[in-house]
Amino acid sequence: MSEETSKPLNFIERTVKEDLASGKTPAIRTRFPPEPNGYLHIGHAKSIWLNFGLAQKFGGKCNLRMDDTNPEKEDEEYVEAIKADVQWLGYQWDGEVHYASDYFEQLYDWAVHLIEAGKAFVCDLNAEEMRTYRGNLTEAGKDSPFRTRSIEENLDLFARMRAGEFADGSRTLRVKIDMASPNINLRDPVIYRIKRATHHQTGDKWCIYPSYDYAHGQGDALEGITHSVCTLEFEVHRPLYDWFINNLPVPAQPHQYEFSRLNVNYTITSKRKLKQLVDEKHVDGWNDPRMPTVSGMRRRGYTPKAINDFCEMAGVTKVEGVVDVGMLEFAIREDLNEISPRAMCVLRPLKVTLTNYPEDQVETMTAPVHPQREEMGTREMPFCREVFIDQDDFLEEANKQFKRLVLGKRVRLRNSYVIEADEAIKDADGNIIEIRARVIEGTVGNNPEDGVKPKGVIHWVSARDNVDCEVRLYDRLFNDPAPDAGGKNFLDSINPGSLEILSGCKGEIGLAQATLEDRYQFEREGYFVLDSKYSTAEKPVFNRVIGLKDTWEKK
Ligand code: ATP
Ligand code: MG
């Protein structure tokens, strides 16, 4: 998050600042509360940036709490992935990881407290009946016939619900608020359900589970959360959040604040749909480099800084909107341009034999690691009689717009000689398989003495000393800006060209030293990083993080 600069504060920051100034809270504590039912995505990154960032900015603390009230959909695998993702984004939670399930016993006791106060009752309506009784936006609901049960009966039934005497779904515990409330969330909401499901933290200890609404605010109070920040869909739940805080002997008075969720075009941010992409194998797991998951973006080569910068750029408001994915891509290019060493890699190699260059000669060419950052030093690459250039960088004939190699014309090999093409050698099918060319003497670092200047500069790699590698080119996973809007099936807009695998690519020799942490700018091609899943020492695999320019708008 931004340092204390002149940047205007967002509305949540302003609230925090006022609460600290007025002494309403001596110190702030926030929390990031994921449900461990999937991997974190770019929307969660925003919530992480906001919650941890608020704590950092105002000298407070941020907790990580697994909101684990729904055991059937949750898994320890997700718990571990969430922790790793938060840390990778650059944040550390205060103390141990918390779990809503840590509070199950306390929540149970508080439910008993509500029953004893005449504010909760065991209800025997089934799901269908409950729907009918609830009413709708224009019609008030009706009281459940079980609402008037005695406190004694409710205490007895609730204890037996916990003891496992009743079938799943046969009874619930509900709080008595107001069946005529215009806010449907206040129409005697259910706070406990019977569900025989093994929980990833508590095993088979419980067969009743609290609702999210009941667990969340009480967890906040128990952890001393001062500012409970969540997305706008919880705004209508806030009266219920406050109701529990006001009707229970909780140790603190947290407050909930809502901001609009991050939506990004060409992107899906629903865990359920992301899980479907994984389960149906449309992608290569949760960390497929095309996925908008934190682990996918990590494998793709995005940096934590770029993701956090993007979250900041997108801003914190209460206005629902869609952010252009180009903004995320911009943040990534900005960061990678700054930090990435340069390298040359020929993606579709075409051999060039330099007929006037001695067979056994090797020269060492030198180039800066980063053109604007001298402190990053220089790199060396061997030059010899055979080099590779990209197939796209040669044409037998071309107009003036083609500033690459053309028969009878000159081009500069980056950081090396100017060469002139003499002949294109073809196979039986007419495909060009080799170029014969000449180096122009004395042109390393100088223009040709005869005054005939090269048309452009292209990249190259020695055909004798290079790193043979696979390169994976990614494009947007969806070719519809709103893949799941208005009842559309998002599977219909999966971009069939979102992954292109090139093998036999030739990288400059220094790339043999690449580690999983290094991102490179392959000159003229984009930014690349080793793939953490498929790359090996024998066969490096590079992911294209992103191209040098935004080419999508043109398509
Ligand atoms: P689910 O439907 O599975 O509950 P969720 O997106 O709400 O999905 P949670 O794990 O409950 O997932 O989210 C954890 C936190 O991240 C919540 O506080 C939630 O408000 C926030 N969050 C989730 N999606 C976004 C988003 N797109 N933008 C900003 N914050 C988000
Ligand atoms: Mg949620």
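For ligands, and for the atoms within them, numbers begin at 1 and follow the listed sequence.
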Distance under 4.0 Å to a non-hydrogen atom of Thr231: what atoms of ligand 1 satisfy this? 19 (C), 20 (O), 29 (C), 30 (N), 31 (C)
For the student: nearest non-hydrogen atoms of Asp67 and Tyr212, plus distance: OD2-CE1, 3.4 Å
Look only at interatomic distance and state if Leu262 has a nitrogen or oxygen under 3.5 Å from any nitrogen or oxygen of ligand 1. yes
Give a yes or no on whether Arg298 atom CZ has more than 12 heavy-atom contacts from other residues, nucleotides or ligands under 6.0 Å away. yes
Looking at Pro33, which atoms of ligand 1 are within less than 4.0 Å of one of its heavy atoms? 14 (C), 18 (O)
Under 4.0 Å, heavy-atom basis, I'd like to know which part of Ser270 is in contact with ligand 1: side chain, backbone, both or neither. neither
Heteroatom distance test (Lys46, ligand 1): nitrogen or oxygen, under 3.5 angstrom: no
I'd like to know whether the aromatic ring centres of Phe11 and Tyr257 sit less than 6.0 Å apart in this structure. no
Proximity winner for atom 10 (O) of ligand 1, if only heavy atoms of Arg31, Lys271, Lys73 are counted: Lys271
According to ring pair (Phe, Tyr, Trp, His ring centres under 6.0 Å), who are the partners of Tyr527, at least two apart in sequence or on a separate chain? none
Step-by-step salt bridge (charged side-chain N to carboxylate O under 4.0 Å, His left out) determination, Arg519 to Asp335: CA-CA 11 Å; Arg519 285 110 177 146; Asp335 189 30; over 6 Å; no
Once you restrict to heavy atoms under 4.0 Å, what part of His41 touches ligand 1? Side chain, backbone, both or neither. side chain
Sub-3.5 Å N/O-N/O distance, Glu233 and ligand 1: no
Could you check whether any side-chain N or O of Lys61 sits under 3.5 Å from a backbone N or O of Gln56, counting only pairs where one atom can act as donor and the other as acceptor? no
Atoms of ligand 1 close to Asn37 [distance to a heavy atom under 4.0 angstrom, numbered from 1]: 3 (O)
Report yes if some N/O of Gly43 lies less than 3.5 Å from some N/O of ligand 1; otherwise report no. yes
Can you confirm whether Lys73 is buried at NZ, in the sense that more than 12 heavy atoms of other residues, nucleotides or ligands lie under 6.0 Å from that atom? no
